Amino acid sequence: MAAFGMGNVADANLKEWGNSMKRLMNEFGTAQVVVPGHEEWGDTKALTHTLQLLKKYGKR
């Protein structure tokens, strides 16, 4: 949730990232703990935040 940009996306599949996030949220949308690759552990707000960043930077 602390991220305000996309960071290093050199190895990312930007075309699929948003779809992957949506599938993750459909499968695990009621998770109480989300462990991201970076930053602190949180809840599903981190997933929503990622989708918002993808939309903001035109990657969704």
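Remember, predicted model here, so these are calculated numbers, not experimental data.
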Margin query: For the CE atom of M21 and the NE2 atom of H49, what is their distance to the nearest 0.5 Å?
Written below: 10.5 Å

Note to self: Looking at every heavy atom in both V33 and W41, which two are closest together, and how far apart are they?
What the structure shows: CG1-CE3, 3.8 Å

Check: Which pair of non-hydrogen atoms, one from V34 and one from A46, has the smallest distance, and what is that distance?
Finding: CG1-CB, 4.4 Å

Margin query: Listing request: all salt bridge (charged side-chain N to carboxylate O under 4.0 Å, His left out) pairs with a residue in residues 27-37, at least two apart in sequence or in separate chains.
Written below: none

Margin query: So L47 and F28, do their side chains get closer than 4.5 Å, heavy atoms only?
Written below: no

Notebook entry, point to check: Once you round to the nearest 0.5 Å, how far does OG1 of T30 lie from CG of D43?
Noted result: 11.5 Å

Check: Can you name the residues that form a side-chain contact (heavy atoms from CB on, under 4.5 Å) with N13, not counting sequence neighbours?
Finding: K15, E16

Check: Do the side chains of M25 and T44 get nearer than 4.5 Å, heavy atoms only?
Finding: no

